[in-house]
Structure formats: structure tokens, C-alpha cells
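All heavy atoms count here, side chains included; hydrogens, waters and symmetry mates do not. Residue numbering restarts at 1 for every chain, and letters A, B, ... go by the order of the sequence lines.
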Amino acid sequence: MEKHVLALQLSQILGEEFNRDWIYEHIEIPKQEKMGDLAFPCFKLSPALRKPPQDLASELAPQLKHDLFENVQPVGGYINIFLNQQFITEHTLKQILTEQENYGKHTFGEGKTVVFDLSAPNIAKPFSMGHLRSTVIGNSLANLAANYGYETVKINYIGDYGTQFGKLLSAYKNWGDEEKIRANPLAELTKIYVKFHEEAKENTLLIDEGRHWFKKLEQQDEEALRLWRWFKEVSLEEFEKIYQLLGIEFDLTRGEAYYNDKMDATVELLKEHQLLEDSDGAKVVRLDEEGIPPCLIKKSDGTTIYATRDLTAAIDRFNSYSFDEALYVVGHEQSLHFAQIKHVLNKLGFNWAQNVKHISFGMMLQDGKKMSTRQGKTILLENVLKEAIQQASDSIEEKNPQLRNKETVARQVGVGAVIFHDLKQDRRNDVEFSIEDMLRFEGNTAPYLQYSYVRAQSILQKGGFKVDASNPFLSDEKAWSLIKQIRKFPEATAKAYKEYDPSQIAKYLLDLAKTFNQYYTHTKILQGEQQDAKLTLVYGFSLVLKQGLSLLGIEAPEEM
RNA sequence: GUCCCAGUAGCUCAGCUGGAUAGAGCAACAGCCUUCUAAGCUGUGGGUCGGGAGUUCGAAUCUCUCCUGGGACGCCA
């Protein structure tokens, strides 16, 4: 609001040479509050107007007049503006009381659909920390897309196919123990899978045996199919436990194998477009013009490969959903793969290929290196979540043993800490796995945010707050800082989706909670004057914080 | 070898479409609970923004180059 007014006034004063949008883009919020609420740097105007920025600021400042502006001052080359706190406070809180949980929502995406590919664990393998990243980032992005107005479709594309399962079948035939697997499916299957790779170093025949079993699987061999289905079933049951803990649901869970009988059509299509070439006995699509290595479509033994399946799946998804965007939330080590997929789709003449995007993220590292299931290095998410919940539980016993719903709160806090730890930093960064960092409950963490929310709720309850848009509003220095933070929420949600970056929300919420806690410490809300006004502000804060946390997929307990 | 990503406080990270004195959290040290939940708040110390060069009135931010780390580079996904 105030930025638009400023941009409009400046553009009117300066004339057509500087348009509103350009000015709007360059309006800043001063780093230090004492300098003002808004600032415009005049350095950019200097070359065209041939005047020093200091002079421009002095000339322009007195000309800026509006009810929203309390005070306009030239400082150095800047025009610093102090806003009318009373007016903006009233406006903001009334807006929140009216819009409630719709505050901060957008309509840009209305009538459009976004398809998300997220989580995608591999069956017969434990749910690793790496899959956690895809799951929570993808889930948060889907929440943000919905907040943006989009229809969202969350697809969990289970890794249930490929040569690796040939290897697993081979491993099972050699060392499998049905009883043990029934008792502890993922751990036992992983054990024989790791053993397979260890043995294969000595015995290269095993690799051929693995390929052979995969071929049998492709040819619908009865035994291979039976075992594969069994592995899949027990794996999905294990995954479901984790999704329940995380509080995540999917619109569609579908394995790669679903596309087995649909890939021939894709291969045919590639042939029709004369894109398929032979190379060392395999079939590839050359991408020389794009400057990247060729995309492998069929292996020399005639079996398919993941690119073939991803192409088929992408085409199928477009046919099913006519998506406006398809986002693949997959680790950055697959960048080349998705670049290839996108280019091949493009060569096939699908103009929607430009809307297929790889939302990549950094890896979970251990000792600075990639974690690998094959070497048995994986850390199990389930154990980490259990540990997190346990520590949250210990914390409750120590700090608030009278608490009701202890188990629920322990889950919300523990799981929240794990999710937030992953979302708070830029998704592109690699992260070194550290259980200590992950389970920290103080400082820049989810428990800190949840605790701030709980404090607000406690006050609202004790103060008997009721939503009433006719409440009076107040403005003092600390309250004004909080109002300004609350007002940044809509912009933060918009930016977070535009950049596909949940960490924008996470950082915003930390700033917001920090400001609230300062207000809380310095102002006695349930004492003194203007209690209704103060309570309204607290309510506005708690509403925004809860909305923000839910965008990240984190629950906000009422007490803790 | 080619391509991609990163290097900011002891540690984990913000800031990167160029702007005012480079910010948080953790750790360290010093304070604040007779009153709204101390999972909190306040303060102190801590920086050649990997090195060098360039563009600019102005560079952590843009360009080039070098160093270091990570990743990818057809028959795994």
C-alpha cells in the first residue's frame, strides 16, 4: 500500500522518464528502524537528471505528501520516510480480523494446476534422510502453491522398478530368510542388498545374475513377480508410518512399474520423430545441439531405463492433469537427467515441456560425502523421528510436567524440529547430517516458533480475547515493529512460491517470532491501558505465525 | 578432462535483480524469573565476506582468473 503510494507520487513528480514499476522495484526498507520505515535511494536518478543524489533527495523529500507519510527526510542520497503508524496499524489489524486465515493468500494461480513429484522412496530400502528432504520441501511447496491459488496434485512416485530389484531378487535367492524379513522387512532387505554389493566386488557373476532376475521381472516371471509384490507391500506399510508421523498425504501414490506396459508407446513416438539412434547396441536420443550427453532410452539387452519411464510418466501426467506446471522435487545430482528429459520432451514437440521444472536440492552428507545405501551408510529417518519425539518428551517433563496431551505435543515439537531444520536453509545447499543440530530446540528452530505461538495463545486465553473488528488499536514503538513484521507476510508467501523456496517463509517466521518475543518481554499485555488493543495485536501475530507454520507443514500446539 | 553447485564470525547459516555501520542462531562470557509459559529476553567479545584483478560514485553481491570442497558426465535411480 504505502510502497505503491510512494512509487506513484515519485513517478508523478519525476515524469515519464521513471515509471512507477521501476521506482517500486527500487524502494527499500532501511536496515535500521531509526532511519525510517521506507527509503528511496536517489543514486539511480543521478545520471539521468545530472544532479548529485544528495541534492535530489533534498529537493524531492518536501514534495512527498500523503496521509500515510508521517515524516519525510532527506539523508545523504536517500529519502527516508516514516509512516503514519496509527493509520497503518488500524488498517492491518482490521484486515487480519476480516480475512482471518485468508490473510497472506494470493489469487495468481487460480484456475491453474501444478503437479508435484515428491518423496519417491525406493521400496525394499529404508526411508533415508535424503528422501526426507524431497518430502518436506515438496510438501511445503505444494502448500505454498495452494496458498497462491493453484490446484495442486501431489504424486509419490515410488521407486519400485529397475535393475536394482533384479539385484535384490538375486540377493534374496542367495541369502534371503523369509522369517527375518517378515519380522523386520526394510532392515533385512537392506542387509541382503548391501551384502549383494559386497559380494559382487569379488564375484562379478552376481551382477549378471541380478540383470537376469530383472529381465525375468520384465518378462512377468511368476516367482520374480510374487517376491517383488511382497517386497513392495511391506515397504509401503513402513513408509506409511513415516508419512503419518510427518503429517503428509499424497493425492496419488504410484510406482514406476505402472508404466511398464506404456513405455513401448513412448519408444514408438521417439521412432516416429526419428530421434532414436543406435549406440553401442543401446538406443539413445542425441542431444548434441543442446550441448549435453545423449539420453539413454533402451539398454543393449533391450530392457528399459529410468529415462524411458520418466518420459512416459511425464506424458501421462500431462494427459491426466493438463498441468500448468510440473515440479520434480529431486536431488540436484539428477540435474542432468531432468535436463535430458525436458529436452527430449521438447524434441517430441510438447510445448508444455517448458513447464516441467526440476526443483533440485542439496544432498545430505555424512563426513562431507554422499550417503549411500549400497555401502550401508544410510541413517534411518524413522529412528531420527523417534529420537526427536523422545527428546521433546523429555523436555516437556522437565519444563511443563502438568501439560495435557503430552504425547501429541511431543510429536508436534519433535517432528516440527526435524522438518524445520530441513526447510530453514536454502534448499540448494548440501547439508551435513547432524543429529545434534536437528534436535536443537532453542534459537532458530521450530520449537522456538511453536513456543512463541503458545505464549500468544496463553495470553489470549487469559485475557478472554474475542475477535471484534471494532476493537481499538494502538501503536507504540515495540508494537509498531511487530505490525511491520506482520505486514510482510503476504509478500513473503508470494516470494517463497515464486522462487520455490520454503526457507523464505522459515526465515520470515523467525524474524516475526523474534519481534513478538521482544514485544512480549517489554510490554505487559494483561496490565495497564489498552488491553483490548494489545490483545488484538497478539491475535494478529498468532494467526500469521500459525498460517506460516502450516505452510511449512508444521503444527502449532496450543500449549507446550 | 567437460559441465553444475558452493566457499561470509570458532560452528551452522542469512544477506547475492550492486547502496547507509556485513546480520542471526549455536558455542563463550556477563546479566534478567514475587506479576502474561526463561523452549524466552538483554548485553559483551568475535569478520582481510577463499586469493587476485576488473567494471562502478559505490562490490559480500556483477565480470574474469586462480585455489579449495561437493556433485554429475549411457546401459543404477
Just by protein heavy atoms under 4.0 Å, how would nucleotides 22-32 of chain B read 5' to 3' in B, S and -? --SSS------

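- In this structure, A/N80 reaches the bases: a heavy-atom distance under 4.0 Å links it to at least one base atom across the strands shown.
- Against RNA chain B, the stretch residues 41-58 of chain A makes heavy-atom approaches under 4.0 Å through A/F43, A/K44.
- Enclosure of atom CD in A/E333 by more than 12 non-hydrogen atoms of other residues, nucleotides or ligands within 6.0 angstrom is indicated.
- Contact annotation for A/I396: base contact, defined as any heavy-atom pair under 4.0 Å involving a base atom.
- Going from the C1' atom of B/C4 to that of B/U37 covers 48 Å, rounded to whole Å.
- The base of B/U12 is not paired with the side chain of A/Q425 by any donor and acceptor separated by under 3.5 Å.
- Between the P atoms of B/A9 and B/A24, the separation comes to 15 Å (whole Å).
- For A/Y258 and A/Y161, the distance between ring centers is not under 6.0 angstrom.
- Taking the C1' atoms as reference points, B/A38 lies 45 Å from B/G51, given to the whole Å.
- A/T312 and A/T266 share a donor-acceptor pair across their side chains, judged by distance under 3.5 Å alone.
- Side-chain contact of A/Q504 with A/Y497: a donor-acceptor pair under 3.5 Å is absent, judged by distance alone.
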